Amino acid sequence: MSLSISLFGLGYVGSVSAACFAHMGHKVTGVDISKTKVEMLDSGRSPIIEARMDELVAQANKSCRLHATTDSIAAVLASDVSFVCVGTPSLKSGKLDLSHVEHVSREIGTALKQKKAFHTVVLRSTVLPGTTETLMIPAIESNSGKKHGTDFAVCYNPEFMREGSAVGDFLQPPYTILGSQSPEHLVSLRELYKEVPAATFETSIRVAEMVKYVSNLYHAVKVGFANEVGTLCKHLGVETDQVTKIFMSDTKLNISSAYLAPGFAFGGSCLPKDLRAITYRGKELDLELPLLESLMPSNAQHVDRAVEAVLATGKRKIAMLGLSFKAGTDDLRESPQVQLIKRLLGEGCQVKIWDKDVSLGRLAGSNRQYIEEVIPHIGSLLSADMPEVLQGGEVVIVGTKIERAELGKLLAPGQIVIDLVNLDPARRPEAKAYQGICW
Ligand SMILES: NC(=O)c1ccc[n+]([C@@H]2O[C@H](COP(=O)([O-])OP(=O)(O)OC[C@H]3O[C@@H](n4cnc5c(N)ncnc54)[C@H](O)[C@@H]3O)[C@@H](O)[C@H]2O)c1
């Protein structure tokens with residue numbers, strides 16, 4: 001089925017989207033305030049330099065599927081769906097400038113005042129979570145006098161195109177994300193993307209908005225990481241390319257989803273020690289490695305968050321489940337759970353601890369020495385009896401993987417559960433006062 005599309009903003013995202021939707025057989029009208037861009041696109045020339053764009057725009061123009069105008073009202077009235085791809089640049093402060101999104105939303109609203117048929121509006125510009133619902137929908141509603149969900153629907157559909165390969169990325173994206181307040185709002189978008197070979201996620205508008213940011217943040221972290229690692233290699237006299245090639249061949253831990261799920265801070269006998277060693281060496285070499293140097297403070301901040309979450313409850317009797325840095329081990333060295341307990345004790349909390357893998361009698365060597373130095377009276381806090389530990393706790397901190405059946409039936413009404421390990425929802429207790437540390 002061919003749809004009629006009006007598309008606002010003929011920059012990189014807008015012109016590639018316009019050309020690709022026309023290439024897929026839809027009728028597209030591009031709208032921009034720039035007369036030059038409108039004239040170029042309307043006469044079959046690409047307003048941007050980008051691989052394959054000249055060919056796609058010329059073809060779409062020849063088959064009369066791609067036009068452009070500065071008349072936003074006419075474009076909305078003649079279409080079923082309006083895409084919004086206007087710029088969202090940074091202001092001097094770093095704050096997002098949403099004035100173009102707001103302006104176009106008002107224009108679409110003005111047009112919809114005159115339109116009887118249901119209309120779908122799709123925001124593609126990168127905006128912070130909440131923007132579509134708190135800025136765009138109210139702007140369209142107030143200018144049209146119509147109701148979201150009844151007369152029109154607004155969806156969020158982020159774009160994952162890279163300049164330089166934008167057409168290829170549009171036609172074969174990593175995934176298609178369709179954010180809406182109701183699956184019924186996605187009828188036109190499903191139709192538009194049905195031929196696109198990619199996994200499709202139908203989700204809420206806020207999740208869709210956030211996935212775009214998380215993707216870009218992660219890409220930035222990857223680039224910063226690769227460049228700091230390369231710099232270190234160069235100054236340590238190690239072949240960067242060899243290291244990179246071997247590092248990237250590990251798809252089990254390195255290039256994988258491992259370590260990407262939000263949870264508690266890292267610890268153990270390796271990561272903190274190795275980070276300290278490398279950043280210390282970097283300093284000796286006079287290297288600035290801000291990303292690598294930020295990791296220990298970032299980790300410490302996460303422990304602070306847990307302390308604050310506990311103290312914010314106003315309760316001081318704490319049942320701590322989990323002591324070792326990772327479930328299934330008894331390694332306490334640099335365990336963030338141990339650091340958390342030490343901090344809570346310092347704040348005057350009474351803490352009882354249960355960990356099925358930790359028995360003081362069995363701890364030996366550096367592991368025993370570590371815990372005895374950090375919490376000398378650990379023996380009096382640790383118990384192998386989970387019901388007893390839970391019984392005395394006003395706040396239960398889940399710092400290890402645990403079965404819901406085990407925990408659920410032992411919780412008393414009124415106990416507050418703070419989850420540090422992101423228990424699988426099926427394993428979470430049904431406590432009313434459940435909170436995750438970062439979810
Ligand atoms: N460039 C990319 O590769 C890329 C990729 C994914 C997402 N994004 C996001 O997409 C959005 C657009 O990015 P871009 O690089 O295409 O921006 P851009 O600055 O190249 O283009 C924006 C266009 O919007 C037009 N415009 C402004 N106000 C308008 C109005 N009232 N009516 C009609 N047109 C108007 C401008 O004239 C301009 O042509 C941004 O939010 C960006 O963050 C960009």
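In this chain, residues are counted from 1 in sequence order. Everything numeric here is computed off the predicted structure, so don't read it as measured data. For ligands, and for the atoms within them, numbers begin at 1 and follow the listed sequence.
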Could you pull out every donor-acceptor pair under 3.5 Å between side chains of residues 416-423 and any protein atom, sequence neighbours left out?
unit_1	atom_1	unit_2	atom_2	d
D419	OD1	V421	N	2.9
D419	OD1	N422	N	3.1
D419	OD2	L423	N	2.8
D419	OD2	Y434	OH	2.5
N422	OD1	R428	NH2	2.8
N422	ND2	P262	O	3.4

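No more than 12 heavy atoms of other residues, nucleotides or ligands lie within 6.0 Å of CD in Q172, so this atom counts as exposed by the packing criterion.
Residue pairs meeting the ring-ring contact (aromatic ring centres under 6.0 Å, His included) criterion with at least one member in residues 70-95, sequence neighbours excluded: F21-F83.
Protein residues lining ligand 1, listed by chain and number: G9, L10, G11, Y12, V13, V31, D32, I33, K37, C85, V86, G87, T88, H100, H103, V104, S125, T126, E159, M161, E163, K212 [non-hydrogen atoms, distance under 4.0 Å].
E347 has no carboxylate O lying under 4.0 Å from a charged side-chain N of R316, or vice versa, which leaves the two without a salt bridge.
In terms of modelled atom types and a separation under 3.5 Å, the side chain of Q59 and the main chain of H23 share no donor-acceptor contact.
Taking D80 as the reference, nothing meets the salt bridge (Lys or Arg N to Asp or Glu O under 4.0 Å) condition, with sequence neighbours excluded.
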